Amino acid sequence: MSNRYSLSPEFDFSGLTFLDEVRAEANGKSANYQGLDRHNSISFPISAFPEKVQHIILALQESLQYPVDFIGTAMLYTVSLAIGNTHKVKVKENWTESALLYIALVGAPGTMKSHPLSFSIGPIIDRDCSTFREYEKKVHEYKKAISIKAKGRTKPEYDEPIKPVLHKFLVQDFTPESLTETHRLNKRGIGVYVDELASWFKNFNRYNNGSDQEFWLSNWSGKPIIIDRKTGDPIFIKSSYISVAGTIQESILSELGRGNRSQNGFTDRILFAMPEGLKKSYWSDRELHPQHLQNWHVMVNNLLDLPVPIDETDSLSPTVLSFTDEGYARLKEWQRENTDKCNSADNDMVKGLYSKLEVYVIRLSLILQMMQWAAGESDKRTVELNTVARAIDLIEYFRNTGMKVKRYLLDSSPLDKLTSEKKLLYQSLPINFSTGQGLLLAKSQGVAEVTFKRFLNDNSLFERVSYGNYSKKI
DNA sequence: TTTTAATCCTGCACGGCACG
DNA sequence: CGTGCCGTGCAGGATTAAAA
């Protein structure tokens, strides 16, 4: 099969020598991850992406300061969504994996979290936009057909007009009901965008006894969605496919762990992009070469144009890729290492994460293979060794960020649960102080006497050295 | 989703205790 | 004995969990 669109091969990269510099820098940092201890971090493995995509990622970093972690992860999401139910990968007999992803971009406000996502899903939004215009046209014709039919009752065998269906990929604002309805009409697969993950989580079990949670867990596994409703038609979606992208502020990551009984299994299912040492930067003089934008659009459109084969029972029958022998061997090798790491892990939360990574390495292999195909850099008959190796690079990055998130949840400092006033007061107190000194400071910041004295009783924050004298513990 | 109950936090008042 | 330090019960507000 050949690509419907081809990327411009004439595109001249030679004038863009800065790319090599940036890439050298980026690759130097990600040189080896295996020997590092768990507190070091791995930089985002740009080299996992196809050549042309690497150029786009680096150009976006250079011209618009998009962190490579964000744009790269957002691109994985975009490709995941574009693949949908068209392709799966076979691991073993009776075990296939889809390209479904849950991703989250983590960073402080104003650090370019949403722009990279908007850029990478741009081609899909364009597609949704044009199908919506067609839909409106069809609705217009449908209404006309209905009215003609009403008037012209004389023809008994008049063709029943078909109510048009809106096809779309992206859902921004949704309720569980509207989402399943959209998915019912778009069985190829849809994607949602959640602006603040923490608040999304918080409302999971609020109003409906955990069924939201259940829904997202089973969707992640690609299980069927079966809903019987009191009002409206029952819904049955055999292979559900809803990829999720979200953002969250680093400072409220710890909220994911609150009331941890229900959410823990969930954070393991999310791949986190967390750029190291992220800060706001100055505008750059460099402009994004339009060819990069063009190339990305071509690639995504190649994927979006893939049809979903439908079998004789009217259900989807995706094309199934399998691993090459070498690729499968590498996968097995990694799985052994991961299993050992998992078994020797001291804590159950870590085990949960590691077992999800085992699924994700397969899914990322599929996504990367399809991405390479879309970029015209390989075929899509099998998943090759090279692809598996790249997927493993990515997984090790996501293992690292996943552990980072876990650390946020586990040892969030006792300071985090304080109100901002108390936190400020605590920080302005000297290491050693007498009650009277502290009281003065507290009053100047508007904290009442009793409140301050009760505050002093918190053993995790203060130690009483002697009568009327305290020292800070943190 | 709205209503209700439970829990936590805060400010106030008061009384006991340590210290010089 | 005076002064500052410390603990506690209570009421009302805010937040969170449970019920309707």
Side-chain angles (χ1 to χ4, degrees), chain A residues 109 171-183 192-217 219 225 227-235 246 248-267 405 408-474:
Chain A
V171 181
Q172 295 264 359
D173 200 16
F174 60 91
T175 63
E177 287 75 28
S178 72
L179 193 61
T180 45
E181 181 62 15
T182 306
H183 195 10
V192 302
Y193 172 68
V194 182
D195 196 30
E196 187 48 75
L197 274 179
S199 56
W200 187 50
F201 275 31
K202 259 194 216 160
N203 291 325
F204 255 12
N205 293 332
R206 200 145 184 156
Y207 308 122
N208 51 17
N209 220 14
S211 68
D212 271 7
Q213 166 113 356
E214 199 50 46
F215 175 85
W216 289 108
L217 288 176
N219 170 63
I225 296 175
I227 297 173
D228 295 310
R229 296 180 300 189
K230 283 189 187 130
T231 57
D233 297 328
I235 287 182
I248 185 168
Q249 291 175 26
E250 197 165 343
S251 53
I252 58 173
L253 259 182
S254 57
E255 283 187 21
L256 294 184
R258 283 220 188 125
N260 48 14
R261 64 200 143 73
S262 53
Q263 295 145 7
N264 278 339
F266 223 89
T267 53
V405 171
Y408 266 98
L409 304 190
L410 282 174
D411 46 56
S412 58
S413 151
L415 281 176
D416 291 343
K417 55 177 187 265
L418 297 177
T419 61
S420 52
E421 294 87 35
K422 277 189 169 181
K423 206 186 242 174
L424 195 72
L425 174 58
Y426 189 84
Q427 276 155 3
S428 58
L429 281 168
I431 306 287
N432 292 297
F433 59 95
S434 69
T435 310
Q437 289 171 344
L439 210 54
L440 229 57
L441 203 59
K443 276 185 177 163
S444 76
Q445 295 186 18
V447 178
E449 188 176 331
V450 222
T451 307
F452 177 67
K453 285 182 176 173
R454 266 198 275 254
F455 189 33
L456 286 176
N457 281 330
D458 190 331
N459 289 325
S460 62
L461 297 171
F462 298 105
E463 187 190 351
R464 184 148 90 180
V465 188
S466 63
Y467 186 81
N469 288 293
Y470 294 84
S471 71
K472 287 204 292 185
K473 279 187 171 177
I474 302 170

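In what follows, chains carry the letters A, B, and so on, assigned in the order in which the sequence lines appear, proteins first and then strands, with residues in each chain numbered from 1. All figures in this text were calculated on a predicted structure; none of them were measured in a lab.
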With a cut-off of less than 4.0 Å, is there a side-chain N or O of Tyr470(A) near OP1 or OP2 of dC6(C)?
yes

Give the rounded distance in Å between these two atoms: CZ of Arg454(A) and P of dG9(C).
11 Å

From NZ of Lys443(A) across to P of dC12(B) the rounded distance in Å is 10 Å

Check the distance between dT3(C)'s C1' and Leu439(A)'s CG and give it to me in whole angstrom.
14 Å

So Lys422(A) and Thr451(A), do their side chains get closer than 4.5 Å, heavy atoms only?
yes

Rounding to a whole Å, what distance do you find between Glu449(A):CD and dT10(B):P?
15 Å

Any donor-acceptor N/O pair, Tyr426(A) side chain to Leu461(A) backbone, under 3.5 Å:
yes

Taking only the side-chain nitrogens and oxygens of Thr435(A), find out if one of them lies under 4.0 Å from OP1 or OP2 of dC6(C).
yes

Leu456(A) CG to dC6(C) C1': how many Å, rounded?
10 Å

dG7(C), OP1 or OP2 - any side-chain N/O from Asn457(A) closer than 4.0 Å?
yes

Expressed in angstrom and rounded to an integer, what is the separation of Arg464(A) atom CZ from dC6(C) atom C1'?
7 Å

Is Lys422(A) close enough to dT10(B) that one of its side-chain N or O atoms is under 4.0 Å from OP1 or OP2 there?
yes

Side-chain heavy-atom pair Leu425(A), Phe452(A) within 4.5 angstrom cut-off
yes

Less than 4.5 Å apart, any side-chain heavy atom of Phe462(A) and any of Lys472(A)?
yes

Whole-Å distance separating the CG atom of Asp458(A) from the P atom of dT10(B)
11 Å

Tell me: CG of Leu425(A) to C1' of dT10(B), nearest whole Å?
15 Å

